[in-house]
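In what follows, a single structure is set out as structure tokens and then discussed.
Not measured: the values here are computed from a predicted model.
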Amino acid sequence: MRLLLMSDTHLPKRAKQLPAPLLAELPHADVVFHAGDWVDTATLDLLESRSARLVAVHGNNDGPELRARLPEVAYAELGGLRFAVVHETGAAQGREVRCAARYPDADVLVFGHSHIPWDTTAPGGLRLLNPGSPTDRRRQPHCTYMTATVSDGRLTDVTLHRLPARTVSAG
């Protein structure tokens with residue numbers, strides 16, 4: 001089972017549309033995760049229409065329309081693994097221990113908010129993944145998203161994809 005993970009798309013404030021390489025991944029994904037901060041409902045509509053399955057939450061920058069359609073925390077069981085998705089997890093220091101306590105029944109936690117890619121494992125085994133942002137790199141060198149595979153009850157092939165820099169035309 002192929003997974004596509006993204007967060008913090010911030011459309012249309014940080015970009016006019018999702019990057020082409022990310023959109024090209026959609027038909028290959030069995031499940032798409034979005035960890036919040038969509039900003040516009042058009043992106044949610046797009047992912048709902050093009051995804052085989054979408055597991056998504058709202059973020060702190062999402063208004064009433066998105067909050068009415070998306071939960072704060074989402075859960076999914078996929079291939080024998082229990083996933084939780086949330087936008088914010090708090091400060092980086094102590095994140096693994098704090099999240100393991102908050103999501104004791106999850107095997108994998110997908111989160112966003114910081115725009116900083118993250119892949120760690122808590123002492124109890126909870127895997128924490130932040131795919132960064134495909135549209136707003138902030139202080140990171142690249143805009144990013146993740147892919148992964150679920151096979152035989154294991155998460156494998158977790159890959160952080162760097163997106164090419166956007167060109168801005170001087171007009």
Side-chain angles (χ1 to χ4, degrees), residues 1-10 18 22 25-39 41 43-134 136 140 144-161:
M1 179 180 308
R2 186 156 166 83
L3 311 179
L4 173 60
L5 295 77
M6 68 183 87
S7 187
D8 298 283
T9 48
H10 290 272
L18 293 175
L22 177 64
E25 291 278 356
L26 287 172
H28 307 289
D30 298 299
V31 182
V32 175
F33 289 89
H34 192 299
D37 271 7
W38 304 74
V39 180
T41 57
T43 305
L44 174 56
D45 294 340
L46 173 80
L47 290 185
E48 282 180 334
S49 71
R50 292 196 188 176
S51 302
R53 180 174 179 188
L54 178 64
V55 180
V57 298
H58 66 74
N60 62 298
N61 283 299
D62 295 329
E65 287 183 55
L66 287 161
R67 289 172 184 264
R69 293 174 61 184
L70 297 164
E72 182 177 356
V73 181
Y75 297 94
E77 187 164 334
L78 305 168
L81 289 178
R82 299 162 301 174
F83 286 80
V85 185
V86 68
H87 184 62
E88 295 187 58
T89 60
Q93 185 173 1
R95 178 175 284 142
E96 288 82 5
V97 171
R98 189 172 55 250
C99 289
R102 285 185 188 159
Y103 306 99
D105 295 329
D107 299 306
V108 180
L109 176 66
V110 179
F111 68 99
H113 187 61
S114 69
H115 298 221
I116 299 171
W118 190 278
D119 182 355
T120 59
T121 302
L126 175 67
R127 181 89 175 255
L128 290 90
L129 299 174
N130 183 331
S133 171
D136 184 8
Q140 299 304 302
T144 58
Y145 66 92
M146 283 180 172
T147 56
T149 302
V150 174
S151 179
D152 298 323
R154 293 182 46 237
L155 187 68
T156 61
D157 305 319
V158 176
T159 304
L160 180 69
H161 298 268

Is the shortest side-chain heavy-atom distance between N61 and D8 below 4.5 Å?
no

Donor-acceptor contact present, side-chain R98 to main-chain A91, <3.5 Å
yes

Salt bridge check, R82 against D107: does any charged N sit closer than 4.0 Å to a carboxylate O?
yes

State, yes or no, whether a side-chain contact exists between L66 and V39 at a heavy-atom distance under 4.5 Å.
no

Show your working on side-chain contact (heavy atoms from CB on, under 4.5 Å) between M146 and H161 and close with a plain yes or no.
CA-CA 6 Å; M146 283 180 172; H161 298 268; 5.5 Å; no

Would W118 and E96 satisfy side-chain contact (heavy atoms from CB on, under 4.5 Å), going step by step from the backbone distance to the final call?
CA-CA 11 Å; W118 190 278; E96 288 82 5; 3.3 Å; yes

So L46 and L18, do their side chains get closer than 4.5 Å, heavy atoms only?
yes

Could you check whether D62 pairs with R69 (Lys NZ or Arg NE/NH1/NH2 to Asp/Glu carboxylate O, under 4.0 Å)?
no

Could you tell me the separation between the CD atom of E88 and the CD atom of E72, rounded to the nearest 0.5 Å?
8.5 Å

Report the distance from atom CG of L109 to atom OG1 of T121, rounding to the nearest 0.5 Å.
11.5 Å

Heavy-atom nearest pair, S7 first then G112, reads OG-CA, 3.3 Å

If only atom types and distance count, is the side chain of H115 paired as donor or acceptor with the main-chain N or O of D136 below 3.5 Å?
yes

Contact summary for W38 and A56, nearest pair of heavy atoms
CZ2-CB, 3.4 Å

When you measure from the side chain of R95 to the backbone N and O of T89, does any donor-acceptor pair fall under 3.5 Å?
no

Non-hydrogen atoms of H87 and N60 that approach each other most closely:
NE2-OD1, 2.9 Å

Going through the checks in order, is the side-chain contact (heavy atoms from CB on, under 4.5 Å) test met by R127 and D119?
CA-CA 7 Å; R127 181 89 175 255; D119 182 355; 2.6 Å; yes

After noting the C-alpha distance and the side-chain angles of V85 and H34, does the key distance pass the side-chain contact (heavy atoms from CB on, under 4.5 Å) rule?
CA-CA 8 Å; V85 185; H34 192 299; over 6 Å; no

Student check: side-chain heavy atoms of L54 and L44 closer than 4.5 Å:
yes

How close do L78 and F33 get, counting heavy atoms only, and between which atoms?
CD1-CZ, 3.6 Å

Find out whether P131 and T144 are in side-chain contact, i.e. whether some heavy atom of one side chain is under 4.5 Å from a heavy atom of the other.
no

Quick check: closest heavy atoms across N130 and S114, and the distance to 0.1 Å?
ND2-OG, 3.2 Å

Could you tell me whether the side chain of D157 reaches within less than 4.5 Å of the side chain of T147, counting heavy atoms only?
no

To the nearest 0.5 angstrom, please state how far the CG atom of L128 sits from the CG atom of L126.
4.5 Å

Decide yes or no for L155 and F83: does some side-chain heavy atom of the first lie under 4.5 Å from some side-chain heavy atom of the second?
yes

Are R53 and M1 side-chain neighbours, meaning at least one heavy-atom pair lies under 4.5 Å?
no

List the atom of V158, the atom of A148, and the distance in Å for their closest heavy-atom pair.
CG2-CB, 3.9 Å

Which value, rounded to the nearest 0.5 Å, describes the distance between H10 atom NE2 and T43 atom OG1?
11.0 Å

